[in-house]
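Note sheet for the following structure.
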Amino acid sequence: MKKLILSIITSIIITAAGFALPGFTSFIPDSAGEYVYYRDSSFTRESYIGILGYDDATIQIRYFAPQDDEAMLPSKEIAILMTVDPKSDFWNMTGERIVSTILPDTDDTDIVNYLHDLLYEFSSRRISEVAVESDNQVVDQEYAQFGGNVSITFDARIPLFNIRTITDDKGTKVLDCVTIGTIKSSTDNTFELFEGVSTQKPEVQKETKKTSKAKFCKFENRSVTLDENWEQKMENFWTLGNDSLITMSALPKVSENKVLNDLYVQRKLLESSEGSYTDFQNAEIIYTQAKDSYKITSTSFFPENKSCVYITKILTRNKEGGFDYFSISTYQTAYLKNTVYFDKIVKSYK
């Protein structure tokens, strides 16, 4: 259990070199191994599309549909590894290899063609947008693949094509980002094992935990009020048994451009870690101008044991232009039983 909690500790890694897909330059440079998954509601069954960037010339796209017992449909997976000309100013595919089994007498060939078209259209529409330098840039376009008139929401925090959602003329999200992440090594199979994100919206329940004597915990110029149930493991690291952990640290400034700096940090803090998936759809970010501070709440799903971890992160700008960073991560079963207790801890952070 503790291994799961420890695995979601996030550190900001300043990427020395990123890559750019053909035809446009992203506000936040993409890093090798970054990926995005969408829920694609244009299919009649539950379906997901994942796109993974290895570098500026190599992309993988993956379709996955979970088993549907009601319709008596087995799970389906189609993955294509392809190369493109990185020097081209448009999506110019130079090669491909299907890395999954294509079944005869099925709709697999149609899905392969759909994935090809999707990448071409994503590239074309992102190139035409020229610049995406915010988290909510909405444009109306004609998009036959998704029924005609649509609204596309571009978001610089979304890797690769910066597309967050596509909404049809009835207001229904036909494509919606469900998670983003980065694979860390050749042995990290988080992208290829994705089968959806299953999380529960936190609800207040009857409190079961009683506090003990208050304990004032400090790291550099920041502090949080805990109690004697918490154990300090390192100078900036505290645990509550196997249920919860707290970290405090400082994150460096990554860009002189304040907007770029903040969106970059948000992307990194919302990316999935190895073996888990951040629920991007339900993540919330609240900015407090008076404190120049962000509060990020999200849930990470661990498919290995079908558990969820509820995470609150607070970023407060410091005099160096970076952020003082606070994070509390709690198994959702514990959080739901002790919401007031854990929320009080968050409010005590100063």
Side-chain angles (χ1 to χ4, degrees), residues 1-13 15 30-39 46 48-53 60 62 64 66 75 77 79 157-160 164 176-202 233 237-247 249 251 264-285 295-315 325-336 342:
M1 297 290 283
K2 187 177 293 186
K3 181 180 178 181
L4 290 182
I5 283 286
L6 294 177
S7 70
I8 56 107
I9 299 174
T10 305
S11 61
I12 295 295
I13 300 173
T15 306
D30 294 313
S31 303
E34 282 192 298
Y35 66 84
V36 54
Y37 264 100
Y38 298 96
R39 172 73 184 267
E46 181 181 351
Y48 299 93
I49 305 291
I51 307 172
L52 165 66
Q60 183 177 168
R62 177 176 179 260
F64 179 78
S75 63
E77 177 183 17
R157 299 170 303 176
I158 307 299
L160 303 171
R164 189 171 82 220
D176 195 5
C177 172
V178 294
T179 196
I180 61 176
T182 304
I183 58 172
K184 303 300 183 183
S185 68
S186 59
T187 60
D188 184 348
N189 55 7
T190 307
F191 176 80
E192 62 193 66
L193 292 182
F194 178 87
E195 296 184 354
V197 177
S198 178
T199 61
Q200 178 184 358
K201 187 73 172 178
K233 296 292 187 178
F237 184 86
W238 297 262
T239 62
L240 180 65
N242 291 326
D243 286 341
S244 184
L245 68 84
I246 285 173
T247 59
S249 61
L251 305 180
Y264 176 92
V265 172
Q266 289 175 35
R267 178 195 280 197
K268 293 302 176 184
L269 291 180
L270 288 170
E271 286 189 329
S272 304
S273 58
E274 185 172 358
S276 68
Y277 304 99
T278 300
D279 181 0
F280 190 89
Q281 287 177 305
N282 294 307
E284 296 180 349
I285 299 179
K295 180 181 179 182
I296 303 173
T297 55
S298 61
T299 304
S300 284
F301 173 60
F302 291 80
E304 183 179 5
N305 63 356
K306 297 183 179 179
S307 65
C308 294
V309 175
Y310 186 68
I311 309 166
T312 299
K313 299 170 182 176
I314 298 176
L315 302 164
Y325 173 67
F326 168 87
S327 173
I328 178 169
S329 307
T330 309
Y331 274 105
Q332 197 159 29
T333 51
Y335 177 80
L336 292 173
F342 289 110

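In this chain, residues are counted from 1 in sequence order.
Rounded to the nearest 0.5 angstrom, S307 OG and Q332 CD are separated by 9.5 Å. Atoms CD and CD1, from E34 and I51 in turn, are 13.0 Å apart once rounded to the nearest 0.5 Å. The distance from atom CD of E274 to atom CG of D188, rounded to the nearest 0.5 Å, is 3.5 Å. Between the NZ atom in K295 and the CG atom in L315 there is a gap of 12.5 Å [rounded to 0.5 Å]. Atom CD1 of residue I328 and atom CD1 of residue I246 lie 4.0 Å apart, to the nearest 0.5 angstrom. Atoms CG and OG, on N282 and S298 in that order, are 10.5 Å from each other to the nearest 0.5 Å.
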- Show your reasoning for whether side chain to side chain contact (heavy atoms under 4.5 Å, CB included) applies to S300 and D279. CA-CA 6 Å; S300 284; D279 181 0; over 6 Å; no
- Run the numbers on F302 and C308 for side chain to side chain contact (heavy atoms under 4.5 Å, CB included), then give the verdict. CA-CA 6 Å; F302 291 80; C308 294; over 6 Å; no
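Taking both residues in full, the closest heavy atoms of Y277 and P303 are given as CE1-CG, 3.7 Å, listed atom of the first, atom of the second, then distance. Closest of all the heavy-atom pairs between L160 and G53 is CD1-N, 3.9 Å. The minimum heavy-atom distance between G33 and L52, with the atom names listed, is O-CD1, 3.3 Å. Nearest heavy-atom pair, R267 versus R157, reported as atom, atom and distance to 0.1 Å: NE-O, 2.9 Å. For the residue pair A334 and D243, the shortest heavy atom distance occurs at CB-CG, 3.9 Å. Between F237 and T239, the closest heavy-atom pair is CE2-CG2, 3.6 Å.
With a 4.5 Å cut-off on side-chain heavy atoms, F326 and K313 do not count as touching. Side-chain contact between T299 and I311 is absent, with no heavy atoms from C-beta onward closer than 4.5 Å. Side-chain contact between I296 and T312 is absent, with no heavy atoms from C-beta onward closer than 4.5 Å. Counting heavy atoms from C-beta on, the side chains of V265 and L251 come closer than 4.5 Å. Taking the side chain as every heavy atom from C-beta outward, Q60 and Y35 never approach each other to under 4.5 Å. Put simply, the side chain of F301 does not reach to within 4.5 Å of the side chain of S276, judged on heavy atoms. Counting heavy atoms from C-beta on, the side chains of E195 and P66 never come closer than 4.5 Å. You'll find the side chain of F280 stays beyond 4.5 Å of the side chain of V178, heavy atoms only.
Ring to ring, Y48 and Y37 are not that close: their centroids are 6.0 angstrom or more apart. Aromatic rings of F64 and F194 (six-membered ring for Trp) have centroids beyond the 6.0 Å cut-off, not under it.
In this structure, a donor-acceptor pair under 3.5 Å is present between the side chains of T179 and S272. Between the side chains of E271 and T182, at least one donor N or O lies within less than 3.5 Å of an accepting N or O.
Using a cut-off of 4.0 Å between Lys/Arg side-chain N and Asp/Glu carboxylate O, E77 and R62 are scored as salt-bridged.
A donor-acceptor distance shorter than 3.5 angstrom exists from the side chain of S244 to the backbone of S329, with no hydrogens or angles considered.
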